[in-house]
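Structure first, then comments.
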Amino acid sequence: MPSFTITNIHAREIIDCRGWPTVQADVWVDGQVRGRADVASGRSTGSHEAHVLLDGDPSRYRGLGVLKAVDNVNNVIGPELIGWDVTEQRKIDLAMKAMDGTADKTNLGANAILGVSLAVARAAANVSGISLYRYINPNAHVLPVPLMNCLNGGKLTANELEIQEFIFMPVGATSYAHALQMTTEINEVLRDMVIDKYGILATNTGDEGGFATPMRGIWEPFEFMSRAVEQAGHVDDIVYAMDLAANSWFNIGTNLYQLDGKVYDRDALIELYRQVAEKYPLVSMEDPLHEEDFEGFSLLTGGLDMQIVGDDLFVTNVDRLRQGVQRGAANAMLFKVNQIGTLTEALDAAEFAYRNSYGVQVSERSGETEDPIISDLVVALNSGQIKTGMPIRGERTSKHNRLLQIEEELGAAGVYAGRNFVRPT
Ligand code: PGA
Ligand code: ZN
């Protein structure tokens, strides 16, 4: 019988893909088995997200250091959890929440708490000798459809495109491996098309690996994407999605949206979305309106037959999601563990979503490390959909490559969600 007793917890400051500091936590069991996890961070964040504790010391990393959060793990949380059973994830997470004592984890920092929470889960899986996805859910078997955000704008790029992510989804692929193959085939055609029109510099990429081109508005990116898909020979296998991240182009003062030199009120914007959906197989939109407009989200969800995902709207928070469910706002939740700060609370939010017939889309953050933990989480949740960037650069490829490993490990038991990505079986 292995021992499950936590014997040591240690955190350190590491850097993410932007070169910004973040927390890495190690949880040791019986002095021998380790679980390690990194904490990702956002740039296009919702205002209701849990608190990321930064040092604010301008002499280090321009104030972005996380030594206070690291210290909170090493000297506050760690000593408290020595001797606990590492498999008691829920008790541990709730204890850390209580130690912090605030609604948004301001005291200890969501980055400190989440590092420990995820490392606890990894350590428990390692002691049990099984993969994390299977430790969390023995019935885990769904390989997700990846949402490939090939053209990037908004806060994640240095261009003038307001909409953050233009996405294609290889729903007609037969496996995750096949979905990745199609993705690269399409992306290479897209790259050539971008060079043809805008030159080689336009193939520089944004935070999540999509091209950061001088394209404008909403129609031009769709024209490019659909032509690339056609030329690559994958028309029948691809549908489209967007993360509008509408907060970043909404003007609170005027209550209007500013897109490509024009202003839109809510109704005009919804009409624009309807027109896009009429022309292209658009199946999913994330944050199509600003984060406080529950009423607008419910109008849109009732009016358009597609998946409407709440990211900044819900921030992986059961209380925000409950409001959404009550008002029929959106029909899916974006799942980002660091928005709420513990694995347990994020899993609770996902469960609440499922119980209310909402979909769950697991997501990267724009500031990632090589840690592929979300790949295990998306399979554990049988969620059917993951947003984890284009397959370039280590912090994105690590997630795709982990999903290839999981696909192989599951073998005949694995099912690629494909066209059933909202309700996979
Ligand atoms: P973020 O961006 O990680 O910077 O929040 C991703 C998103 O908005 O989905
Ligand atoms: Zn988003």
Side-chain angles (χ1 to χ4, degrees), residues 46-48 145 147 162-167 169 171 217-219 222 239-252 254-259 262-336 339 349-363 383-385 387 417 419-425:
S47 55
H48 300 281
V145 172
L147 284 93
E162 292 91 346
I163 295 172
Q164 189 173 286
E165 297 165 25
F166 289 87
I167 296 167
M169 301 174 66
V171 290
I218 197 165
W219 295 107
F222 265 95
V239 292
Y240 298 102
M242 287 185 276
D243 178 0
L244 289 299
N247 279 344
S248 60
W249 40 281
F250 173 67
N251 184 325
I252 299 181
T254 59
N255 205 27
L256 294 169
Y257 295 88
Q258 285 165 302
L259 189 59
K262 298 185 201 77
V263 289
Y264 293 82
D265 63 13
R266 186 171 74 191
D267 290 347
L269 193 58
I270 293 177
E271 173 56 20
L272 177 66
Y273 295 152
R274 203 190 52 72
Q275 287 171 11
V276 175
E278 217 169 71
K279 183 148 185 217
Y280 297 100
L282 173 64
V283 300
S284 181
M285 289 198 292
E286 175 185 333
D287 286 350
L289 298 168
H290 76 87
E291 68 190 357
E292 303 302 349
D293 192 6
F294 279 92
E295 183 188 283
F297 266 85
S298 74
L299 270 176
L300 193 59
T301 310
L304 291 179
D305 182 21
M306 70 170 79
Q307 175 172 263
I308 303 292
V309 186
D311 172 12
D312 297 339
L313 181 73
F314 294 143
V315 291
T316 320
N317 181 320
V318 168
D319 296 332
R320 300 269 308 172
L321 188 58
R322 187 175 292 114
Q323 285 185 56
V325 167
Q326 278 162 2
R327 305 175 72 163
N331 50 30
M333 178 193 88
L334 205 70
F335 177 98
K336 288 172 164 169
Q339 283 182 326
E351 198 175 319
F352 187 83
Y354 288 154
R355 277 210 212 109
N356 289 284
S357 302
Y358 273 45
V360 173
Q361 185 177 104
V362 172
S363 174
S383 114
Q385 35 184 331
K387 205 170 72 150
R419 295 182 197 281
N420 301 323
F421 65 93
V422 178
R423 300 202 200 306
T425 45

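Distance NE2/H48 to CZ/R320: 3.5 Å, rounded to 0.5 Å. For the atom pair CG of L304 and CG of L282, the computed distance is 8.5 Å after rounding to the nearest 0.5 Å. Here the CG atom belonging to L256 is positioned 7.0 Å from the CG atom belonging to N251, to the nearest 0.5 angstrom. The CZ atom of F421 sits 5.5 Å away from the CD atom of Q385 when rounded to the nearest 0.5 Å. To the nearest 0.5 Å, the span separating CD on E286 from CG on L334 amounts to 4.5 Å. Interatomic distance, F222 CZ to M242 CE, rounded to the nearest 0.5 Å: 4.0 Å.
Side-chain contact between V171 and V283 is absent, with no heavy-atom pair separated by less than 4.5 Å. In this structure, T254 and V263 have side chains that are not in contact, with every pair of non-hydrogen atoms separated by 4.5 Å or more. Taking 4.5 Å as the limit, every side-chain heavy atom of F335 sits out of range of all side-chain heavy atoms of S383.
Ring geometry for F250 against Y257 counts as tilted: the plane angle lies between 30° and 60°, on a 0 to 90° scale. Note: F314 and F294 have tilted aromatic rings, judged against thresholds of 30 and 60 degrees for the angle between ring planes.
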Show the numbers, then the answer: is there a side-chain contact (heavy atoms from CB on, under 4.5 Å) between Q307 and N331?
-> CA-CA 6 Å; Q307 175 172 263; N331 50 30; 3.8 Å; yes
M285/M306 under side-chain contact (heavy atoms from CB on, under 4.5 Å): CA gap, chis, key distance, verdict = CA-CA 8 Å; M285 289 198 292; M306 70 170 79; 3.8 Å; yes
Step by step, would you call I270 with R274 a side-chain contact (heavy atoms from CB on, under 4.5 Å)?
-> CA-CA 6 Å; I270 293 177; R274 203 190 52 72; 5.6 Å; no
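Closest approach of L321 to Y358, counting heavy atoms only: CD1-CD2, 4.0 Å. In terms of heavy atoms, L259 sits closest to Y264 at CB-CE1, 3.8 Å. Between F297 and P288, the shortest heavy-atom contact is CE2-CD, 3.5 Å. Looking at every heavy atom in both residues, V360 comes nearest to Y354 through CG2-CE2, 3.5 Å. A pairwise comparison of heavy atoms in Y273 and L300 identifies CD1-CD1, 4.2 Å as the closest pair. The shortest non-hydrogen separation linking L313 to A330 is CD2-CB, 4.4 Å.
For S298, the side-chain contact (heavy atoms from CB on, under 4.5 Å) criterion is met by A329, not counting sequence neighbours. Listed by chain and number, the residues in a side-chain contact (heavy atoms from CB on, under 4.5 Å) with A241 are L147, I167, M169, S284 (sequence neighbours excluded).
Partner of I308 under the side-chain contact (heavy atoms from CB on, under 4.5 Å) criterion, out of D287, L289, T301: T301 alone.
In this structure a side-chain-to-backbone donor-acceptor pair under 3.5 Å is missing from S363 to K336. Judged by distance alone, with hydrogens and angles left aside, the side-chain atoms of D243 form a donor-acceptor pair with the main-chain N or O of A245 at under 3.5 Å. Side-chain N or O atoms of R423 include none that pairs as donor or acceptor with a backbone N or O of G384 at under 3.5 Å.
Geometrically, R322 engages F352 in a cation-pi contact, judged by NZ or CZ lying under 6.0 Å from the ring centre and within 45° of the ring axis.
In this structure, a donor-acceptor pair under 3.5 Å is absent between the side chains of Q164 and S248. Counting only N and O atoms by type, the side chains of D311 and Q361 include no donor and acceptor under 3.5 Å apart.
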